[in-house]
Enquirer: 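Following this message is one structure expressed as structure tokens.
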Amino acid sequence: MPQPWNQNEVRRLLRAKTGEERQALFDRADAVRRKFMGDAVYLRGIIEFSNHCANDCLYCGIRASNGRVARYRLDDEDILTVARRMTGFGQTTVVLQSGEAPSPAGDVALGKLIARIKAETPLAVTLSVGNRSRDVYAFWRDCGLDRYLLRFETADATLFARLHPDCTLTARLRCLDDLRELGIQTGSGFMVGLPGERLETLADNILLCREFNLDMIGLGPFLPHPDTPLGGTANGYAADPEMHFLALAITRLANPDAHIPATTAFDALFPNLGRNLALARGANVFMPNATPAERRKDYRLYPDKPCVDESGERCARCVVGRLAVLGRSVGTGPGHSRRGRNGFGPETSLHPGVLVLPPARP
Ligand code: SAM
Ligand code: FES
């Protein structure tokens with residue numbers, strides 16, 4: 001009998017302790033990724049185009065109160081120059097990310113930039129700039145926006161409120177509903193090991209991704225930044241960092257046809273290896289950093305962020321080398337959502353034969 005995805009089941013998987021149990025889950029996640037998403041890895045070049053932020057998220061290195069950050073906003077021409085180079089590196093999507101700094105003029109300017117990228121390059125466009133009204137999201141969609149990334153960060157509303165003085169979980173989830181209803185491919189996700197997070201929270205995070213039936217899911221370790229209020233608080237899984245991969249693998253099992261990136265933060269935790277391991281344990285997307293080299297040090301969300309001293313070209317070449325080592329190919333085409341193509345919906349229980357869970361321990 002296939003088992004439904006529920007709290008108990010996900011918690012049981014998260015409690016896998018031995019190397020053997022964990023490896024079995026990693027292998028299963030890899031097999032599910034191969035079956036539903038194939039061996040191709042889609043490359044989405046990320047441009048961190050501005051670090052201005054009005055918010056004060058307690059964990060974030062570019063929070064408004066961090067006076068040690070040199071603030072910048074790239075010119076549209078510079079962004080377009082970087083975007084135009086992406087196709088030559090096999091990157092078929094540009095991800096524009098920034099702090100959350102809403103303003104009517106800025107939001108209109110962003111819409112114009114999206115329209116120019118769509119008119120002047122073959123790239124799909126993903127935006128990741130935080131909470132906005134439904135009207136602003138609709139305007140960006142009408143400008144040509146394909147996708148949006150907005151993590152819910154944690155499914156625990158109380159913890160969310162503690163970490164985000166400027167936002168509630170309800171407001172964040174409303175944004176995700178708006179994006180989906182507007183037909184924008186929607187990505188969300190969470191951090192792993194936030195202070196105050198329990199195993200139940202982690203299970204809820206995974207289940208919330210499934211409930212939203214997300215097109216893309218981004219997750220990665222919480223990494224304490226010294227210039228933030230959480231700078232002195234260790235990641236909750238500091239003593240067992242493999243838990244981050246377990247969370248990733250189980251997220252893949254629960255969401256067989258979502259695009260899941262091997263996020264940069266995995267490399268910060270496991271230098272030079274983290275993203276490779278993520279690709280072998282459920283991930284199928286890679287986001288090379290395309291931010292101009294001279295700005296990278298100013299977009300330090302957490303310490304030891306990799307590639308800070310590299311150029312966009314070096315990152316683009318490095319990823320191709322990584323994929324070759326893993327025996328994976330570079331995805332062609334835009335790598336749009338595959339959600340629903342395999343008949344999966346939020347209500348689906350585990351698919352017999354494909355996703356049968358390891359037997360419960362006595
Ligand atoms: N402002 C946009 C937003 O909030 O969605 C996009 C930028 S925000 C900096 C991108 C992501 O960085 C957040 O969703 C968060 O999960 C991650 N992040 C920020 N600080 C982090 C930290 N100290 N450790 C790990 N991830 C962090
Ligand atoms: Fe604004 Fe992190 S607090 S992007």
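We number each residue from 1, following the sequence as shown. The shown structure was predicted, so the numbers you read here are calculated from the model rather than taken from an experiment.
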Enquirer: Evaluate the side chain to side chain donor-acceptor pair (under 3.5 Å) criterion for residues N55 and R63: first the C-alpha distance (whole Å), next the side-chain angles of each, then the deciding distance (0.1 Å), finally the verdict.
Expert: CA-CA 6 Å; N55 288 357; R63 65 201 299 267; over 6 Å; no
Enquirer: Assess the residue pair R180 and C175 against the criterion (side chain to side chain contact (heavy atoms under 4.5 Å, CB included)); give the C-alpha distance rounded to whole Å, side-chain angles, the decisive distance to 0.1 Å, and a yes or no.
Expert: CA-CA 9 Å; R180 275 164 29 119; C175 288; over 6 Å; no
Enquirer: Is E77 paired with R116 through a side-chain N to carboxylate O contact shorter than 4.0 Å?
Expert: yes
Enquirer: Are F266 and F245, when compared by the centres of their aromatic rings, separated by less than 6.0 Å?
Expert: yes
Enquirer: I would like to know whether Y42 and Q91 meet side chain to side chain donor-acceptor pair (under 3.5 Å); could you show each step before the answer?
Expert: CA-CA 7 Å; Y42 289 98; Q91 298 168 16; over 6 Å; no
Enquirer: Please say yes or no: joined through hydrophobic side-chain contacts below 4.5 Å, possibly via intermediate residues, are L163 and L223 part of one cluster?
Expert: no
Enquirer: Do L173 and V136 belong together in a cluster built from hydrophobic side chains that touch within less than 4.5 Å?
Expert: yes
Enquirer: Could you tell me whether F212 and F152 have their ring centroids closer than 6.0 angstrom?
Expert: no
Enquirer: If the threshold is 4.0 Å, N to carboxylate O, is there a salt bridge linking K17 and E21?
Expert: no
Enquirer: Is M287 reachable from L96 through a run of I, L, V, M, F, W or Y residues, each pair having side-chain heavy atoms under 4.5 Å apart?
Expert: no
Enquirer: Before giving the answer on side chain to side chain donor-acceptor pair (under 3.5 Å), spell out for D215 and H336 the whole-Å C-alpha distance, their side-chain angles and the decisive distance to 0.1 Å.
Expert: CA-CA 9 Å; D215 300 296; H336 282 316; over 6 Å; no
Enquirer: Does atom NZ of K112 have more than 12 heavy-atom neighbours, drawn from other residues, nucleotides or ligands, at distances under 6.0 Å?
Expert: no
Enquirer: Strictly by modelled atom types, are E310 and N289 linked by a side-chain donor-acceptor pair under 3.5 Å?
Expert: no
Enquirer: State plainly whether one hydrophobic cluster holds both M86 and V330, where clusters connect Ile, Leu, Val, Met, Phe, Trp and Tyr through side-chain heavy atoms under 4.5 angstrom apart.
Expert: no
Enquirer: As a test of understanding, state which of D257, N284, D39 forms a side-chain hydrogen bond (donor to acceptor under 3.5 Å, both in side chains) with R33.
Expert: D39
Enquirer: Is the distance from the ring center of H225 to that of Y59 below 6.0 Å?
Expert: no
Enquirer: Where do L127 and L149 land on the side chain to side chain contact (heavy atoms under 4.5 Å, CB included) test, with the steps shown first?
Expert: CA-CA 6 Å; L127 208 53; L149 302 178; over 6 Å; no
Enquirer: Apply side chain to side chain donor-acceptor pair (under 3.5 Å) to residues S188 and R172 and explain how you reach the verdict.
Expert: CA-CA 10 Å; S188 190; R172 184 64 57 96; over 6 Å; no
Enquirer: Count I, L, V, M, F, W, Y as connected when their side-chain heavy atoms are under 4.5 Å apart, and connections chain through other members. Are L219 and V10 then in the same cluster?
Expert: yes
Enquirer: Are D298 and R295 close enough for a salt bridge, meaning some N to O gap below 4.0 Å?
Expert: yes
Enquirer: Sorted by first residue and then second, give each side-chain hydrogen bond (donor to acceptor under 3.5 Å, both in side chains) pair with at least one member in residues 80-90; sequence neighbours left out.
Expert: R84-E120
Enquirer: Looking only at the aromatic ring of each residue, does the gap between the centers of Y148 and Y137 stay below 6.0 angstrom?
Expert: yes
Enquirer: With a 6.0 Å cut-off (strictly less than), is the heavy-atom count around CD of E294, excluding the residue itself, greater than 12?
Expert: yes
Enquirer: So, are D267 and R322 salt-bridged, with charged N and O less than 4.0 Å apart?
Expert: yes
Enquirer: Under the criterion side chain to side chain contact (heavy atoms under 4.5 Å, CB included), I'd like the reasoning laid out for F160 against C167: C-alpha separation, chi angles, the key distance, then a yes or no.
Expert: CA-CA 8 Å; F160 187 102; C167 185; 3.9 Å; yes
Enquirer: State, without any angle test, whether S50 and R71 hold a side-chain donor-acceptor pair at a distance under 3.5 Å.
Expert: no
Enquirer: Taking it one step at a time, do M243 and L202 satisfy side chain to side chain contact (heavy atoms under 4.5 Å, CB included)?
Expert: CA-CA 10 Å; M243 276 300 286; L202 187 48; 4.2 Å; yes
Enquirer: Kindly write out the residues that satisfy salt bridge (charged side-chain N to carboxylate O under 4.0 Å, His left out) with R281, not counting sequence neighbours, or none if the list is empty.
Expert: E242
